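Worksheet: one structure, shown below.
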Amino acid sequence: MSDNPQSIILNVEDNDASRYAKSRILRRAGYVVEEAKTGEAALQRIAQEPPDLVLLDVKLPDLDGFEVCRRIKTDPTTASIIVVQMSAAFVEKSDRVRGLEGGADGYLTEPLESEELLATIKAFIRLRQTEERLQKANRVLERQAVELRRSNEELQQFAHVASHDLQEPLRMVTNYVQLLAKRHRGKFDAEADEFIGYAVEGVTRMQELIAALLEYSRVQMREQAFALIDCEEVLAHVLLLLRTKIEETKAVVTHDSLPSVLADATQLGRVFQNLLSNAFKFHGLQPPQVHLSAKLVGQEWVFAVKDAGIGIEPRFGERIFVIFQRLHTRSEFPGTGIGLALCRRIIERHGGRIWVESEPGQGSTFYFTLPVQ
Ligand code: ADP
């Protein structure tokens, strides 16, 4: 029996005896065999119901086998059908070449042992089945990719609209709570003052969260084209923004020479800013010490931001890049849990990767890559 008894073979041959002999061998092996005596009849039959394989004699009374093969292979609806051409042994070698170059998948010469015919057909049918399985799997993957892209875009849109629209009512609540605190503090009892304090704290935090979420959702939406930017300039600008924090914490920031890269300068600045802010925040007993470097590895720059702070348990190395994931309470260290998720999104938008290597108490090194322009 064949691998797949349902496989349909079209046997195209004008010589009755030869056609009959081949059909008989194939039917005995379990294939469904259809027949055609001319090229035109074969093409008509293929258009009606495409077979899995066409066994095609080169010499036909109307169109020759090369032409039939060419038509099968140039029509996208039939191109995947396997065509095995057959001719008598005395045929010119150039005909074999012509047949294969014209798109035939195989070429057999007669007389042929039935075992050889069957083994060849079986091998081709197997090939076609594998190809079909691959194509099917590919189609499923493509569909899933489209679906994933769509739901990703929807989610992004949702996060953007939600955080954007929440800003307005929140602004109103913030303003009035702050007004209440300013104008009426001390006019109620101590408990009321305490409650107002909590409310101010809550809305301020919510504003921070929403602003961060909005920034996160905007990473992909930015249309600013990438430009060649000097990372040392970006760093200098960020250090200026962070100067109060640097003074407060007595942080020491050093760096090797940094390259120019093709990037969105604002976004890359946010990556430096977030990584440095974290290094300043999670510094342990000593004042923060941070060192930035970059080295060329293959086709990418690998940046490193190394601190001497409290470190991270390796098992949390992935989790900290997920939005809102933090390893500490807000009373231990303030923060929104968005910084590293934002860094990852920005770096991935630039075609790079970001990760951390760290041990508790041993400091942390955050690495990220950017393609060489
Ligand atoms: P946030 O700083 O607002 O908490 P991030 O997304 O920037 O949010 O960081 C997530 C968590 O990763 C932090 O809460 C902290 O536990 C850990 N983390 C980040 N940077 C460092 C660092 N340099 N050293 C130690 N822990 C860090």
Side-chain angles (χ1 to χ4, degrees), residues 155-156 159 163 201-220 234-235 238-239 241-246 248-256 258 266-294 302-350 352-369:
L155 208 66
Q156 192 172 308
S163 41
E201 204 180 300
V203 288
T204 310
R205 180 161 161 70
M206 199 171 206
Q207 261 182 335
E208 266 170 39
L209 275 171
I210 287 182
L213 202 58
L214 196 60
E215 184 182 6
Y216 179 81
S217 72
R218 273 185 185 148
V219 170
Q220 309 280 351
V234 175
L235 177 64
V238 169
L239 289 177
L241 291 177
L242 294 174
R243 66 181 179 280
T244 318
K245 259 270 149 316
I246 294 176
E248 271 172 22
T249 57
K250 300 193 169 49
V252 177
V253 182
T254 52
H255 68 91
D256 294 347
L258 300 176
T266 315
Q267 289 190 345
L268 194 61
R270 295 294 286 145
V271 172
F272 281 134
Q273 192 177 344
N274 277 313
L275 295 181
L276 284 171
S277 303
N278 279 348
F280 297 163
K281 188 162 50 174
F282 301 103
H283 65 84
L285 296 175
Q286 300 298 321
Q289 275 184 25
V290 199
H291 184 75
L292 293 96
S293 59
V302 181
F303 288 77
V305 181
K306 182 178 168 58
D307 67 43
I310 61 170
I312 299 160
E313 275 193 54
R315 68 191 166 112
F316 296 133
E318 259 306 300
R319 198 211 276 184
I320 54 172
F321 290 96
V322 176
I323 195 162
F324 298 135
Q325 292 286 341
R326 314 191 64 229
L327 305 179
H328 306 276
T329 60
R330 263 190 307 122
S331 56
E332 288 174 290
F333 295 99
T336 55
I338 291 183
L340 289 178
L342 180 72
C343 289
R344 171 163 280 179
R345 211 166 155 87
I346 291 175
I347 293 300
E348 285 179 354
R349 179 180 173 234
H350 284 73
R353 292 161 287 124
I354 183 167
W355 71 97
V356 66
E357 283 175 16
S358 180
E359 285 293 338
Q362 305 292 311
S364 313
T365 307
F366 284 84
Y367 294 96
F368 64 89
T369 64

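First listed ligand is number 1; within each ligand, the first listed atom is number 1. As the structure is a prediction and not an experimental result, all values here were calculated from the model.
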Considering non-hydrogen atoms of the protein only, which is the closest contact for [atom], and what is the distance?
atom                    : result
atom 17 (C) of ligand 1 : Ile320 CG2, 3.9 Å
atom 23 (N) of ligand 1 : Asp307 OD2, 2.8 Å
atom 16 (O) of ligand 1 : His328 CD2, 3.1 Å
atom 13 (C) of ligand 1 : Phe282 CZ, 3.5 Å
atom 7 (O) of ligand 1  : Asn278 ND2, 2.8 Å

Under 4.0 Å, heavy-atom basis, I'd like to know which part of [X] is in contact with ligand 1: side chain, backbone, both or neither.
X      : value
Leu275 : neither
Gln325 : backbone
Phe366 : side chain
Leu327 : both

ask   = Considering only heavy atoms, which of Cys343, Ser364, Gly337, Pro334 lies nearest to atom 1 (P) of ligand 1?
value =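 That would be Gly337.
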Show every donor-acceptor pair shorter than 3.5 Å between a side-chain atom in residues 304-311 and any protein atom, with sequence neighbours excluded, or say none if there are none.
residue	atom	partner	partner atom	Å
Asp307	OD1	Gly309	N	3.0
Asp307	OD1	Ser364	N	2.9

inquiry  = Under 6.0 Å from the ring centre and within 45 degrees of the ring axis: does the NZ or CZ of Arg326 meet both conditions for the six-membered ring of Phe333?
reply    =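 Checked: cation-pi criterion not met.
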request  = Please determine if Leu340 has a nitrogen or oxygen closer than 3.5 Å to a nitrogen or oxygen of ligand 1.
outcome  =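 Yes, since at least one N or O of Leu340 sits under 3.5 Å from an N or O of ligand 1.
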query = Looking at ligand 1, does Phe316 have a heavy atom less than 4.0 Å from it?
reply =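 No; Phe316 lies far enough from ligand 1 that no heavy-atom distance drops under 4.0 Å.
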